[in-house]
Amino acid sequence: MTTILSAHNLDVAYSTPAFLRKRVVRTALSGVGLTVASGDSIGLVGGSGAGKSTLLRILLALQKPDAGSVTFNGRPVEPGPASSLRWYRRAVQYIPQNPAASLAPGMGVERLLREPLEQLRIDGDHRSLILDALERVELDKRLLMRRPHELSGGQNQRVAIARALVPSPEILLADEPVSGLDLPLRNTVLDVMEQLVHRDGLGLVFVSHDLTAVARLCSRTIVLSHGRIVEEGPTAAVYAAPSTPETCELVAAIPRLPAFEGVPNE
Ligand SMILES: Nc1ncnc2c1ncn2[C@@H]1O[C@H](COP(=O)(O)OP(=O)(O)OP(=O)(O)O)[C@@H](O)[C@H]1O
């Protein structure tokens with residue numbers, strides 16, 4: 001059976017606190033829907049304030065929309081106590097933007113990778129699940145003894161990805177996972193994510209300002225602007241012929257190699 005995470009007609013508006021005299025209501029999402037099957041890779045792009053994080057929080061069952069719904073294989077997904085969401089957290093995992101902030105500094109890598117297995121009450125041989133996740137992110141098992149501050153930024157991000165992989169999820173939701181990394185580390189992390197999508201067939205929702213990374217990982221792209229989906233389709237088609245001003249602006253911002261002096265760009 002194909003696993004499906006679906007969001008239908010999501011609306012979210014934030015309003016300023018009631019004690020302020022001039023109440024401002026800001027639309028964060030309006031009529032947003034998306035569907036992710038295992039093996040799908042979807043880039044979620046848009047300018048600052050477009051609604052990407054709000055959508056991700058709802059897909060992670062961390063926030064309830066004002067209207068609309070999220071389902072996983074037809075089962076409703078809503079914020080609630082950890083015990084009521086274990087089934088969902090096993091199937092859908094999160095890769096954070098900033099592993100330095102999300103990995104507890106006092107824990108060694110082995111403990112960090114064991115914790116989700118215990119919290120989600122996953123049976124089986126935890127040590128072999130941990131070693132398998134490490135291998136998938138191309139980290140040496142000797143790193144299990146280290147703590148986050150003894151690792152590079154790229155190694156920490158791969159630990160964060162391994163932590164998301166240990167419960168054997170079907171879908172990963174990633175929030176700007178390479179934004180803080182310099183170019184070589186960024187490429188290493190993207191290589192790992194590419195393998196997870198293309199070799200292992202995991203579903204991916206990849207939130208990013210980095211359209212080059214989206215082009216590499218995602219077969220489909222959704223463009224959000226002011227809380228609305230303004231464009232969506234196969235990534236190559238969206239980039240080749242953007243049909244809205246918002247997408248044109250994002251595509252125009254993709255860095256290009258400068259022409260060498262005397263050698264004109266084609
Ligand atoms: N807790 C909140 N209270 C009030 N307004 C909020 C809150 N969270 C987000 N917003 C507003 O909702 C809109 C969407 O914000 P959101 O963070 O989802 O966008 P984003 O696309 O993730 O932006 P960025 O790329 O800058 O992180 C913005 O106008 C933002 O200011």
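Every number for a ligand or one of its atoms is a count from 1 in the order of the listing. These values consider heavy atoms only, across backbone and side chains, with no hydrogens, waters or symmetry-generated copies.
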Glu231 and Ser243: side chain donor to acceptor below 3.5 Å:
yes

Using a distance-only test with no angle check, is there a side-chain donor-acceptor pair under 3.5 angstrom linking Tyr239 and Thr247?
no

Taking NZ, NE, NH1 and NH2 as the nitrogens, is one of them in Asp175 or Lys52 under 4.0 Å from a carboxylate oxygen of the other?
no

Would you mind checking which non-hydrogen protein atom is closest to atom 25 (O) of ligand 1, with the distance to 0.1 Å?
Lys52 NZ, 2.8 Å

Atom 2 (C) of ligand 1: nearest protein contact (heavy atom, Å):
Tyr14 CD2, 3.6 Å

Closest protein heavy atom to atom 29 (O) of ligand 1, given as residue, atom name and distance to 0.1 Å
Arg26 CD, 2.9 Å

Atom 22 (O) of ligand 1 sits nearest the protein heavy atom Ser53 OG, 2.6 Å

Shortest protein heavy-atom distance from atom 16 (P) of ligand 1, along with the residue and atom involved:
Thr54 OG1, 3.7 Å

What protein heavy atom sits nearest atom 13 (C) of ligand 1, and how far away is it?
Gly49 O, 3.7 Å

Does the side-chain contact (heavy atoms from CB on, under 4.5 Å) test come out yes or no for Thr35 and Ser6, once each step is laid out?
CA-CA 4 Å; Thr35 301; Ser6 291; 4.0 Å; yes

Salt bridge check, Arg199 against Glu194: does any charged N sit closer than 4.0 Å to a carboxylate O?
no

min-distance protein heavy atom vs atom 19 (O) of ligand 1 -> Gly51 N, 3.1 Å

